2 protein chains.
Amino acid sequence: MSERKPSTRPTIDDVASYAGVSIATVSRVINQTAPVATKTVERVQAAIENLNYQPQAAARTLAGRKTRTIGLLLPQIGGYFFFPMLQGIESGAHVDGYNLLIHSALSNPDPDQGEMPLALGEHNTDGLIVFAHSLSEKELRRLYDFGLPLVLLHQSPPEGLAIPNVTFENKDGARRIVEHLIEVHGYREIAILTGPEEHEDSYWREMGYLEALNAHGLVFNSALKLRGKFSPEIARLAVAGLLGTGVPLDAIFAADDESASGAMMALREAGLRIPEDVAVVGFDDTLLASHLTPPLTTVHAPIEQAGRVAISQLVRLINGEKTESVTLLPTELVIRKSCGCCSK
Amino acid sequence: MSERKPSTRPTIDDVASYAGVSIATVSRVINQTAPVATKTVERVQAAIENLNYQPQAAARTLAGRKTRTIGLLLPQIGGYFFFPMLQGIESGAHVDGYNLLIHSALSNPDPDQGEMPLALGEHNTDGLIVFAHSLSEKELRRLYDFGLPLVLLHQSPPEGLAIPNVTFENKDGARRIVEHLIEVHGYREIAILTGPEEHEDSYWREMGYLEALNAHGLVFNSALKLRGKFSPEIARLAVAGLLGTGVPLDAIFAADDESASGAMMALREAGLRIPEDVAVVGFDDTLLASHLTPPLTTVHAPIEQAGRVAISQLVRLINGEKTESVTLLPTELVIRKSCGCCSK
DNA sequence: GCGTATAATGTAAGCGCTTTCAGAAAACGT
DNA sequence: ACGTTTTCTGAAAGCGCTTACATTATACGC
């Protein structure tokens, strides 16, 4: 293995002399930045075709001071959430003609410690999509002050920074699913399994839960609030713990599908049937939801769309156009079986 | 929103004059490409620090003719498989000091149709990791002939191209899990739910299944071979169909976890218990496996590691070092409940 | 037709780095 | 001491493009 002839790619000069024009003209037909005679365009295009020429990105970047690439900053998450998001971002980026450079906070030495002069930032990209909590506030500020176009996904900007932010209608979705539990099934002892404390999506989902309770005259029982971390294991433990206390319970609203799955495991281990003994519902409608037994009733979050919207906001920012300071994507109730409904 | 002061970043010249040296020296301390007096190094480093200087990638690329980025080509897959793979690739790339540019075949106009002068290829990257079937053979050949370092993930190279290839010990893993079914549980009517026809991993898993059958004197019954597509829906339909025929059946070996999930659904819908009536096992051990009910016995495939190894092979190739022509990563049996074992 | 506005092309100056090449400084040998 | 290596440093030439700016061909007006 190994040992292969290197090769040298044609440059714009080759194309120019092949077509019998100057490199400026070649550049113009490539970028369509100035009128060129139809005949010339044809000649140049033929030359490009024949030589199999493709402009070299680095040179264009250097000369044109735009990288045509967008950076994506991810925290060290795993999970079901991630994939559709990436898909949305990737496809959005390509539609707009941008390349996608990915950087996970994982690979960075000291995510929190402050300093992480991320190689991505102001150097290789025209703008950055920053997923919740993958950047310290300090670093975010620095990039912002620097003037780098930024869009936040599932996180609102720190005080004073006008960074567009895209996320879901979390409160609304949560309220609706909890109301479903109350109105359709008549549950009254509904536990909530939250996400991590600092996570905004989780916060608003909790608010939605509270709102639904209030709207139906139910009082919030703090014993029914379990802190999860978007992790099935933690959820399972938390629910097992709750079950141990003997607090009455007829449903669990998990702030994410993975926690819902963990809750189901705990319930099952305790010999409880779902949904007959305790109903379980989730949030996100990730791939996982339909695979669970019973299939999970949840709130569909347009994850992929969020990625796409984030890109389009970023592109507007890059182009100096106006952007929405916050975009809330609508969610939708997905009824399956785990809430007690029998459909499908 | 919008309207922010742009800003101009310091260049190597700024650093040079700040430190009172020439840009050549600055370059040398940055790249450690030639000896520099300790005192000078310190001065330069202080300058870099103070000015918050970071070299501009495009300029380095242009001057140094290396991009320091690796491209990843993905097909339009969804799925559980994807995430750990990306994680492995991403972290591997960063460990080796490379950026990661992602490109999904999805975004390409005509993936199969041949022509797709992918912007990634020879222009913005030092090398490419190509996931199975994200590139036509023709395109692959072109890039190879061009001399671009290439590594294939889960696909062997076309005739005559010496491209390193990393994948799992599929046959071995499949054989072992099927033998588990036969030896430990005594099943004899074991159906197989394959992946898509052209997929090599799937092919070898099927071979492993056959091998296990043969080794135990069982004859292969073609009625028990169901063609899946790594998709739960298709698997579900296929299994439902099989059940309809009344062919005796005591276990199903699915070539991937998602199909296993689909199989489980079909079984459940037919009123069959898992594993009492029919056992189900999978392959891959994706996140999904442990969430299923009952938890899925499967073969753990080191997906993340595969990504990491692919990167390291690619980096060797880039550096002109020798590489393995094929890397088979060992798999491991993961016993849960769906096979009939009771552990955990 | 002639002057002038307009379209089409070419010339050349960088973009911010890396890297020869050569010169200056320091270290060595005897 | 003096020549000779060995270190260290700087000047300058690109890398392959984009983009003013200048120039030339073509169109228009009357």
Side-chain angles (χ1 to χ4, degrees), chain A residues 6-45 47-48 51-69 97 99 119 121-126, chain B residues 6-45 47-48 51-69 97 99 119 121-126:
Chain A
S7 178
T8 178
R9 79 184 87 268
T11 73
I12 199 173
D13 296 276
D14 299 328
V15 176
S17 58
Y18 188 102
V21 298
S22 73
I23 63 168
T25 300
V26 175
S27 175
R28 284 191 271 257
V29 351
I30 290 173
N31 301 296
Q32 310 195 42
T33 133
V36 176
T38 330
K39 262 175 61 181
T40 315
V41 171
E42 283 165 5
R43 276 219 316 289
V44 172
Q45 268 163 353
I48 290 178
L51 298 178
N52 196 6
Y53 167 76
Q54 286 197 247
Q56 188 164 310
R60 306 180 83 170
T61 300
L62 190 54
R65 45 199 114 275
K66 49 181 38 69
T67 67
R68 295 255 110 204
T69 110
N99 281 117
E122 39 287 58
H123 310 288
N124 303 310
T125 59
D126 292 343
Chain B
S7 177
T8 179
R9 79 183 89 268
T11 74
I12 199 173
D13 295 276
D14 299 327
V15 176
S17 58
Y18 188 101
V21 298
S22 73
I23 64 169
T25 300
V26 176
S27 175
R28 284 191 272 256
V29 351
I30 289 173
N31 300 296
Q32 311 195 41
T33 133
V36 176
T38 330
K39 263 175 61 181
T40 315
V41 170
E42 282 165 5
R43 277 219 314 291
V44 172
Q45 267 164 354
I48 290 178
L51 297 178
N52 195 6
Y53 167 77
Q54 286 196 246
Q56 188 165 311
R60 306 181 84 172
T61 299
L62 190 53
R65 46 198 116 272
K66 47 182 38 68
T67 66
R68 282 157 202 295
T69 109
N99 281 117
E122 33 297 50
H123 310 287
N124 302 310
T125 60
D126 292 342

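The model shown is predicted, which means the values in this text are computed figures rather than measured ones. Chain letters run A, B, ... following the sequence lines, proteins first and then strands; every chain starts at 1.
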| task | Using a 4.0 Å heavy-atom cut-off across all strands, classify A:Asn31 as base, sugar-phosphate, or nothing. | result | sugar-phosphate
| So what does B:Thr40 touch, heavy atoms closer than 4.0 Å: a base, only the sugar-phosphate, or nothing? | sugar-phosphate
| said: Using every non-hydrogen atom in the two residues, find where B:Ala59 and A:Leu62 come nearest and quote the distance to one decimal. | reply: CB-CD1, 3.8 Å
| request: Would you tell me if any nitrogen or oxygen in the side chain of A:Ser27 comes within less than 4.0 Å of OP1 or OP2 on D:dT18? | output: yes
| query | Does B:Arg28 make a side-chain donor-acceptor contact with the base of D:dG10, cut-off 3.5 Å? | reply | yes
| query | Which atoms form the tightest heavy-atom contact between A:Gly20 and A:Arg43, and what is the distance? | reply | O-NH2, 3.9 Å
| Think A:Thr11 has a side-chain N or O under 4.0 angstrom from the OP1 or OP2 of D:dG16? | no
| Between the main-chain N or O of B:Thr69 and the side-chain N or O of B:Thr125, is there a donor-acceptor pair closer than 3.5 Å? | no
| Out of D:dA11, C:dG16, C:dA12, whichever nucleotide has its closest atom nearest the side chain of B:Gln56 | C:dG16
| Which part of the nucleic acid does A:Ala37 contact within heavy-atom distance under 4.0 Å: base, sugar-phosphate only, or nothing? | sugar-phosphate
| Start at the 5' end of DNA chain D and walk down; is the nucleotide closest to A:Ile12 or to B:Ile23 reached first? | B:Ile23
| note | Assert: residue with more 5' nearest nucleotide on DNA chain D, out of B:Leu62 and B:Thr25, is B:Thr25
| note | On a heavy-atom basis, the closest approach of B:Tyr53 and B:Pro10 is CD1-O, 3.4 Å
